[in-house]
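Working notes, structure below.
As the structure is a computational prediction, the values presented were derived from the model and not from experiment. Residue numbering restarts at 1 for every chain, and letters A, B, ... go by the order of the sequence lines.
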Protein chains: 2
Amino acid sequence: MPAVPDQKRILERLAAAGLRPTRQRIGLSSLLFGSGHRHVTAEHLHGEALACGLRVSLATVYNALHQMTGAGMLREVVVEAGRFYFDTNTSAHHHFFHEESGLLTDVPGRAIHLEALLPPPPPGTRVKLVDVVIRLEKLPDEGQAVLQC
Amino acid sequence: MPAVPDQKRILERLAAAGLRPTRQRIGLSSLLFGSGHRHVTAEHLHGEALACGLRVSLATVYNALHQMTGAGMLREVVVEAGRFYFDTNTSAHHHFFHEESGLLTDVPGRAIHLEALLPPPPPGTRVKLVDVVIRLEKLPDEGQAVLQC
DNA sequence: ATAGCTGCAAATGCTTTGCAAGGCC
DNA sequence: GGCCTTGCAAAGCATTTGCAGCTAT
C-alpha cells in the first residue's frame, strides 16, 4: 500500500483547508481519512490516537474536529443528545444508528432524494440539510431462523 | 373553553401511565397537553411552569419528562447535540428545525412513508424509529417579495 | 402507614475556554 | 520573529443522582 502518497494527500487536504500541518492534525487526519469513511466521536478518536502513539490532548481533538468541520472535511451528525458524532463522508446520505452499541453507519446505496418528497420549507427559510437517522435495536431473539411461517 | 374536562382528561392520562397525579405532574401535563402539539426542552418547560406560578424544580421537570416519555406520552427528538427536545406528538412524523432560533416544528401533512423507500436494516436488527430532521436557515434577504420572476 | 415524589445541592459527563509554552512559516 | 497551535487545567452547561422531607393512596 502506498503509505507516502497517503501522507502527501493528507498534507494537501490540510493545506486546502488552510490548516497548518501540525503533528497532531496530520495524525488525526491519517486516522480519519486513511481508509474509507468513518464515524467517530471526539473521545473515540482521542483514544485511537493515543493507542497509535500520537500524543494529543482531548481538547486538541475537539478543536481539530471542529476546524475540519468548518472547512468542509467533516460533517457533524446529531444522533444522541449529549454527544457529537463526526462523519468523513460529507455528501448527502443517511445513517443507521445502533442505539445499544452507539455505532453509526452509512445507509448503503445512493441517498433517497427526499427533497423532492418533502413539503416546501416555511416562508423566509431555506433547507440547509436533511438528516435521516434510522434508529436500530437488536432483534430480541436470534436463534430461530427456521421457525418463521 | 372547557377547563374542567381538560383537567379530567389530564388526570386520566396520568393514571393510564401509572403516574401519581401530583401537583407538579398535573401542572406540567396541563402545559404540555393543554392545547395542540408542543415541542419543548426541559429548561423551557421549567421556565414556563415558574411563569405560571407552578412551584417545581428543574430536576422534577427532567424526571417528569422522562417518565412521560417512558410511558409513551411524549417522544424524544434529537436535533442538537447537548440538548433534549420532547414532542407531544408521538405519532410518526417529521420535523423542521430552525437552527438560529432553536425552534422545532412538525412538518405539516401526513408523514411520508419512508420505511418503504429505505433499505432494509442490517441482519440481526430491527428499525425502531426513523428520524427525519429538516434543518432550516433564514433566507439571507427578506425584502424582495416583488422581484421574483 | 407506606410507597412513591419532590426539592435541593452535589455530582457527572461531555465540551469549551484561558493562558503559558511550543511549533510552523 | 511572529503568529498560529497545543496542552493542561479550570470553567461551563445540560442532565442525573442521593437523600431527607413531603404527599397521594
Side-chain angles (χ1 to χ4, degrees), chain A residues 7 10-31 39-50 53-71 73-74 76-86 102 104, chain B residues 7-8 10-31 39-50 52-71 73-74 76-86 102 104:
Chain A
Q7 178 88 356
I10 281 163
L11 292 175
E12 286 168 358
R13 225 188 233 272
L14 287 172
L19 299 174
R20 283 191 186 172
T22 63
R23 179 173 52 79
Q24 289 84 345
R25 294 211 268 235
I26 293 169
L28 295 175
S29 296
S30 300
L31 290 171
H39 304 83
V40 298
T41 64
E43 218 161 348
H44 180 229
L45 184 61
H46 183 229
E48 213 171 277
L50 295 183
L54 173 66
R55 279 196 68 259
V56 62
S57 74
L58 186 54
T60 297
V61 173
Y62 274 107
N63 287 339
L65 286 172
H66 284 134
Q67 290 158 349
M68 291 176 187
T69 300
M73 299 166 68
L74 295 175
E76 190 187 321
V77 187
V78 178
V79 285
E80 260 186 331
R83 217 184 218 72
F84 282 75
Y85 278 80
F86 294 89
L104 187 67
Chain B
Q7 179 88 355
K8 193 181 166 198
I10 281 163
L11 291 175
E12 287 168 358
R13 224 187 234 272
L14 287 172
L19 299 174
R20 282 191 186 171
T22 63
R23 180 172 51 79
Q24 289 83 347
R25 295 211 268 234
I26 294 169
L28 294 175
S29 297
S30 301
L31 290 172
H39 303 84
V40 299
T41 64
E43 217 163 347
H44 181 229
L45 184 61
H46 182 229
E48 213 171 277
L50 295 184
C52 292
L54 174 66
R55 278 197 71 260
V56 61
S57 74
L58 186 55
T60 298
V61 173
Y62 274 107
N63 287 339
L65 286 172
H66 285 133
Q67 290 158 348
M68 292 176 187
T69 301
M73 299 166 68
L74 295 175
E76 191 186 319
V77 186
V78 178
V79 285
E80 260 185 331
R83 215 181 219 74
F84 283 76
Y85 278 80
F86 295 88
L104 187 68

Nearest listed nucleotide, side chain of [X], among [options]:
X        : options                 : answer
Phe84(A) : dT16(C), dT5(D), dG7(D) : dT16(C)
Asn63(A) : dT17(C), dG7(D), dG7(C) : dT17(C)
Val56(A) : dT16(C), dC5(C), dG7(D) : dG7(D)

Q | Pairwise side-chain contact, Glu48(B) with Leu50(B), heavy-atom cut-off 4.5 Å (strictly under) | A | no
Q) Does the side chain of Leu19(B) come within less than 4.5 Å of Arg13(B)'s, by heavy atoms? A) no
Q) Heavy-atom contacts under 4.0 Å between residues 40-50 of chain A and DNA chain D, which residues? A) none
[X] side-chain N/O to [N] phosphate OP1/OP2 under 4.0 Å:
X        : N      : answer
Arg55(B) : dC8(C) : yes
Gln24(B) : dG7(C) : yes
Ser57(A) : dG7(D) : yes

Q. Which heavy atom of Leu14(A) sits nearest a heavy atom of Pro21(A), and at what distance?
A. CD1-CA, 4.0 Å
**Q.** Which atom of Val56(B) lies closest to which atom of Ala49(B), heavy atoms considered
**A.** CG1-CB, 3.7 Å
Within the distance-only criterion (no hydrogens, no angle test), does the side chain of [X] pair as donor or acceptor with the backbone N or O of [Y] below 3.5 angstrom?
X        : Y        : result
Arg83(A) : Ala81(B) : no
Thr69(A) : Leu65(A) : yes
Arg25(A) : Arg20(A) : yes

Q. What pairs with His46(A) under ring-ring contact (aromatic ring centres under 6.0 Å, His included), at least two apart in sequence or on another chain?
A. none
Q) Taking only residues two or more places apart in sequence, or in another chain, which ones meet His66(A) in a ring-ring contact (aromatic ring centres under 6.0 Å, His included)? A) Phe84(A), Phe86(A)
Check the distance between [N]'s [atom2] and [X]'s [atom1] and give it to me in whole angstrom.
X        : N       : atom1 : atom2 : value
Gln67(B) : dG4(C)  : CD    : C1'   : 10 Å
Leu54(B) : dG7(C)  : CG    : C1'   : 13 Å
Leu14(A) : dT5(D)  : CG    : C1'   : 13 Å
His66(B) : dT6(C)  : NE2   : P     : 15 Å
Ile26(A) : dC4(D)  : CD1   : P     : 19 Å
Leu58(B) : dT17(D) : CG    : P     : 14 Å

Q.
Can you see whether Arg55(A) engages Gln24(A) through a side-chain donor-acceptor pair at a distance of less than 3.5 angstrom?
A. no
Q. Can you name the residues that form a salt bridge (Lys or Arg N to Asp or Glu O under 4.0 Å) with Glu80(A), not counting sequence neighbours?
A. none
Q) Using a cut-off of 4.0 Å between protein heavy atoms and nucleotide atoms, how would you tag nucleotides 20-25 of chain D 5' to 3' with B, S and -? A) ---BBS
Q. Do any of residues 76-83 of chain B sit with a heavy atom less than 4.0 Å from DNA chain C, and if so which?
A. none
(Q) Quick check for you: to the nearest 0.5 Å, what is the distance between Ser57(A) atom OG and Asn63(A) atom CG? (A) 7.5 Å
